Number of protein chains: 2
Amino acid sequence: MTENNNNTKNRILETAEALFAQKGYHAVSVREITMAAKCNMAAVNYHFNSKKNLYMEVFRTQWVPRELRMYESFSKELSKIEPHSPNLVIQALASAYLEGPLTNEELKRHRQLIIREINNPTEVIEYVADHTMRPLYRILQQHLKPFFPEHSNEESFTLDILSIFGILLYFNYSRPMITHITGEKYDNAFKTRLITHLVRFSLNGLGANGKDMQ
Amino acid sequence: MTENNNNTKNRILETAEALFAQKGYHAVSVREITMAAKCNMAAVNYHFNSKKNLYMEVFRTQWVPRELRMYESFSKELSKIEPHSPNLVIQALASAYLEGPLTNEELKRHRQLIIREINNPTEVIEYVADHTMRPLYRILQQHLKPFFPEHSNEESFTLDILSIFGILLYFNYSRPMITHITGEKYDNAFKTRLITHLVRFSLNGLGANGKDMQ
DNA sequence: GTCTATAGCAGGATAGAC
DNA sequence: GTCTATCCTGCTATAGAC
């Protein structure tokens, strides 16, 4: 196999990811994927054995590495700030996971795929949890826990972190939902306001009001 | 048409909802639905014209009325408490939408369906937004806004409300995710702790620390 | 490694008996 | 209103030429 980034195998992976994200596994046919990837239908079975396995490879070779790029960007930010404060940690989180290495389009696809998996798990979720969620949870715990000793038990802290993940995941839909609910349109620079909101709401949620704010 | 609650049409609607929630529209076949509903395949087309329309009827006749029952339960709670405080309003919200009129199973299906729609909207989302999200947003705005005049603009307040909705939606998955991430198991009474968490986190998120707490 | 051709099956929908 | 039987399309997967 060549390392060419535009070979058939890679084109299939990228096209498949976009389509799976947009429509979901069952709504996308192998025909549709290979048409869009400008290759033959049989190529999917040659390179991936089955449609199911193509789906899993999308996560293993596309999704997880991309999530890890965001994780790296986050931990690099963390290593730069000293001393830490909840404020700076959450800022770094929002910055890495919302305006970090990914474009808006990439980020949208990325979130859609994982929301589908969470809502309707397949085997990959184990792999994804092991390689991405767990490490992210660990690093957040390590950097935030010291500031919140009032969280006597593990579970209470975990729920806080999961709530922040929940808001992060639904980030994609904030703008359409605002339009749906209030019926108003919004201008650009919306994303920046969204990040400001996320940082404030999450910090408050954690119970960090007035704690090491700057 | 009879008002019998166990006629074929109703059985199809209920079975279809459960299966659509579990697996998603495209992963469920009409054959599967009618098998589970113990009726003939042709019944779907007789009663609903098409699979697509059956899906939409599930939202119109099952999902929206169920969401409205929770809404009614919420607004009834609100009318009982006087004077209001952010604390009591959020308590009433959590109580109506998490331990209200629905069983855990119903609630799970209910959330799964709407998460699918938000992630991958079809035509029904307009109908759903008009009949459920918008009224809920309005009533929350009416009861919470007076306490948060510091939210100068509409958008900032809307983002707060949407963040709470995000956490509510995510509720289903908290327990499996905790197990995935931390690898620990949890006992029952988990739901009660989750509601306590949601109320505290949301209140803090809104910036209500120490504001009319009781 | 990529193609054509096709096997083999499952999907939604409908016609028409009862 | 419910059934059986069937149509036809579109699906995944594979065999085999190049």
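On a predicted model such as this, the values are computed, not experimentally measured, just so you know. In what follows, every heavy atom counts, from backbone to side chain, and hydrogens, waters and symmetry copies are set aside.
The nearest whole Å value for the distance from the OH atom in B/Tyr55 to the P atom in C/dG11 is 19 Å. In this structure, CG of A/Asn53 is placed 12 Å from P of D/dT14, rounded to the nearest angstrom. Separating the CG atom of A/Asn6 from the C1' atom of C/dT2 is a distance of 15 Å, rounded to the nearest angstrom. Here the P atom of nucleotide D/dT12 and the CD1 atom of A/Ile12 are 13 Å apart, to the nearest Å. In this structure, the NZ atom of B/Lys51 is 15 Å from the P atom of C/dT14, given to the nearest Å. D/dT2 atom P lies 11 Å from atom CG of B/Asn10, rounded to whole Å.
Using a 4.0 Å cut-off on heavy atoms, the residues of residues 31-50 of chain A that approach DNA chain D are A/Arg31, A/Met41, A/Ala42, A/Asn45, A/Ser50, listed by number.
Side-chain contact annotation: A/Gln141 with A/Glu154, donor-acceptor N/O pair under 3.5 Å present.
Checking the phosphate oxygens (OP1, OP2) of C/dT2, a side-chain nitrogen or oxygen of A/Thr8 falls inside 4.0 Å. The side chain of B/Ser29 places no N or O atom within less than 4.0 Å of a non-bridging phosphate oxygen (OP1 or OP2) of C/dA10.
A 4.5 Å side-chain heavy-atom check between A/Met133 and B/Met177 finds at least one atom pair inside the cut-off.
Ring geometry, A/His197 versus A/Phe201: the interplanar angle falls from 30° to 60°, so the pair is classed tilted. Using cut-offs of 30° and 60° for the angle between ring planes, the B/His143 and B/His84 rings count as tilted.
A ring-centre distance under 6.0 Å is not found for A/Phe157 and A/Phe148.
Cation-pi geometry between B/Lys51 and B/Tyr25 is satisfied (NZ or CZ under 6.0 Å from the ring centre, within 45° of the ring normal).
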